[in-house]
Amino acid sequence: MERFKKYETEVNAFAASVAAIDGKDVLTLEVAANALASLAHVTDDKGMALKAVSLAKKANNDTTAGGNVLLTAGDEANKESVLKKAELLKSEETKDGKFAYERLVFFMNYETKLGGMERYNGIYKAFADTETTDALDTALYMAACVDAASIMNQMVYEYFDGCLKCFKAAYINFAAEKNEETGLYGDSKAATLIGAYAILKACRLKGLLSEKHAEEGYAGFEAAISKGDYSDFEKAAAVLAYAEGLRNRDYQDYGRANGGVLWS
Amino acid sequence: MELKLVMTTERSAVVELTDSGRFHSTKEYDIVINGKKSFTTDRTVVSIFDLKPDTDYKVEAVWSDTETFAVNLHTEAEICTLNVRDFGAYGDGEHDDTNAIQCAIMACKKGMRVLVPTGTYRVSSIYLKDDLHLELAKGAVLLAFTEREKFPILPGVIPTYDEKDEYNLGSWEGNPVDCFSAIVCGLNVKNVVISGEGVIDGNGSFKNWWGPDVKNRTIAWRPRLFFINHCENITLQGITVQNSPSWTIHPYFSDHLKFIDIKIKNPWDSHNTDGLDPESCTDVLVLGALISVGDDCIAVKSGKIYQARKYKTPTSNMIVRQCCMRDGHGSVTIGSEIAGGVKNVHITDCLFLNTDRGLRVKTRRGRGELSVLDDISFENIDMDGVMTPFVVNSFYFCDPDGRTDYVGSRKPLPVDERTPEIGRLTFKNINATNCHVAGTYITGLPEKKIECLTFENVSICFAEDAKSGVAAMMTSCKEGSRQGMYVAGIKKLILKNVKVEGMVGPAVIAEDVDDLETDDKGLLEA
């Protein structure tokens, strides 16, 4: 997307910066690892892809953070870590049948690739039962919905559609948080950038009509970028939104240049 | 006994001899047209070609110069014939004739006929239009390309501008997802007849559509050979369709359909090449068809749970009569994508040969509460060499989550919005010889049992050299041979004049059956 090209230098600097974070903040690490993996995919940068995996590995196995990137990378070397993180999810399930939505994307990924899709119904219900608090919370939830939809097996279609419906319901609340003067949501750069990512990805997945909504995503990114200092989380969010902006289109390309995969 | 007129076009007719035969008449007879012998046949349903438009004919069926049955017919009028060669089609098996044939089709007005004469015409996707008669002459072959880039794609879902609804074009295994356009495709059209002695050849092989990637979506899901979406009043008569990339004839949300004297042929080991899969359709007649394929011969469907909840459209009012199904997985199957329900489906006077299963219902938890099967009957059927004549499988291990405990557990689970229902199934006047694996393998869900199962005048006997196999595709069904009638999870079971011979063990094993009514209690003894 030509419109985003002018931010390339700034975003690449953000990517280099978040690749070096220490990984103590689990949420930042999760977003950063996903962001680097996404940018690597769009730019076909194998070095960046390795940095994403390396970052994901910084998370301890007493948290699910990084699990999504490790599982998607599909490396045998990461398998043990992935399985340990998956065990953690099962024990959380046993507790009270609810999952924190930050971990739902990893769980959906795990169930799709290794778990036989046994718990799709439970994961979807967890999405449907989640209530968010502020703009950032809602933006993260929206991102989790579209990430889960893009990872899952589309042939269990009712859950794919269910995830997109959850996204749309949250988007209505998110839109109400917009400050029309600044263009920020909840007066938060982080919420705006994560929201921009989620909106653009929802357009790509046809959960939203691009013609009507893609501009919200682009404008959100542009409202939040190049505005003062950035925390590691904000940098990661910027990379994530930028990567999605680069690959975004209002039609399906059917992955023709990518082995015919869905959501290329 | 009588000779009945089934249909006429401008150039052909179909007659049916009702002589108690099953696909084949009880003896050969001659067809005499306007006093002149035309041909000899042993079929109960017969197409007559090379007639002239707007002309009277007397058609007689003559048995051994003694008995004669006659019917009078008048062919329809024809304005003109549009020969695809006149539109630039080469018919040489090399040039791409798609555009030329499509041009002829678009030029065809009501009362005209598009003719594909003898020759081999390479095509990708051809689209039908309203009021079309397309005739494939004897020796005419529409031979499909197999390169994916030649085929347009039907998007699964296109959101409406108001974002409150969606426009569904593509479909794969009951879900609204992107698929390649069919070789012959109809979208929102009505009043179409495709007739003739010619062939539509999907050109499928293990080097292309049935290759190693067959189960995966690659760019889009595989094309059907014939796909109609939201169409009405569509008839296929006389043609042969073969070597389909996937399901062969897939009518989808379409009504008033007739498939008469068609031949559907795919190799027995080709993948997912079902013969005829009406999905969420009403008023369907399948008459005199010969089906030999690599999956279920006829599979009645109504989508998976998303489609069912959105459109609530069962397949209903369907008759299958005087057909021969052979060599496939199931002769007539209901399922497995039946989330929208199936009602009022009747299979009569048919012949099943060497299929894995004769009459087959397959469903599973997760199809949903709208998945109600009811008023389904099978009557006057001869089966020979069918591995297991009757299978009802409520634990079918299909779909990405098919092997989970949720699907396969034989313990009762809570009834919820995902639980399907089976109502009344009737099996009457059925003779099954040379069976192999089991007489029946019928399982209802323990938490939602089959309402009523009736077997009346049913005879099952096993082959001397019976092979072993798995009666039903479910995790708890073990391989075996010569098993009697296994039935489980049924509210009311009626057995009247049922005979089972050559089995090992009891004739009938009934588990978790609430009410058993039989005129022969000896069936349950070892």
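Convention: sequence-line order gives letters A, B, ...; per-chain numbering from 1.
The list of salt bridge (charged side-chain N to carboxylate O under 4.0 Å, His left out) pairs with a residue in residues 400-412 of chain B, not counting sequence neighbours, reads B:R364-B:D401. Pairs engaging residues 203-224 of chain B under the salt bridge (charged side-chain N to carboxylate O under 4.0 Å, His left out) rule: B:D178-B:R217 [sequence neighbours left out].
Of the two parts of B:R418, only the side chain, counted from C-beta on, holds a non-hydrogen atom closer than 4.5 Å to a non-hydrogen atom of chain A. For chain A, the nearby parts of B:W172 are the backbone and the side chain; heavy atoms of each come within less than 4.5 Å. Only the side chain of B:I153 comes within contact range of chain A, judged by heavy atoms closer than 4.5 Å. Contact of A:N121 with chain B is made through the side chain alone, with heavy-atom distances under 4.5 Å. With a threshold of 4.5 angstrom between heavy atoms, A:E118 approaches chain B through its backbone and through its side chain. Both the backbone and the side chain of A:K206 come within less than 4.5 Å of a heavy atom of chain B. Proximity to chain A involves both the backbone and the side chain of B:V157, based on heavy atoms less than 4.5 angstrom apart. Contacts between A:E211 and chain B at a heavy-atom distance below 4.5 Å involve the side chain alone, from C-beta outward.
Counting heavy-atom pairs under 4.5 Å between each of A:K212, A:Q154, A:E158 and chain B puts A:K212 at the top.
B:I219 and A:Y254 make their closest contact through O-CD2, 3.2 Å (heavy atoms, listed as atom of the first residue, atom of the second, distance). Listed here is the closest heavy atom pair of A:L209 and B:T160: CD2-O, 4.0 Å.
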Subject >> side chain to side chain contact (heavy atoms under 4.5 Å, CB included) assessment of A:M155 paired with B:V177 >> reply: CA-CA 8 Å; A:M155 293 310 286; B:V177 292; 4.1 Å; yes

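The salt bridge (charged side-chain N to carboxylate O under 4.0 Å, His left out) test applied to A:K85 returns no partner, not counting sequence neighbours.
Listed in order of number, the residues of residues 159-167 of chain A that approach chain B to under 4.5 Å between heavy atoms are A:Y159, A:D161, A:K165.
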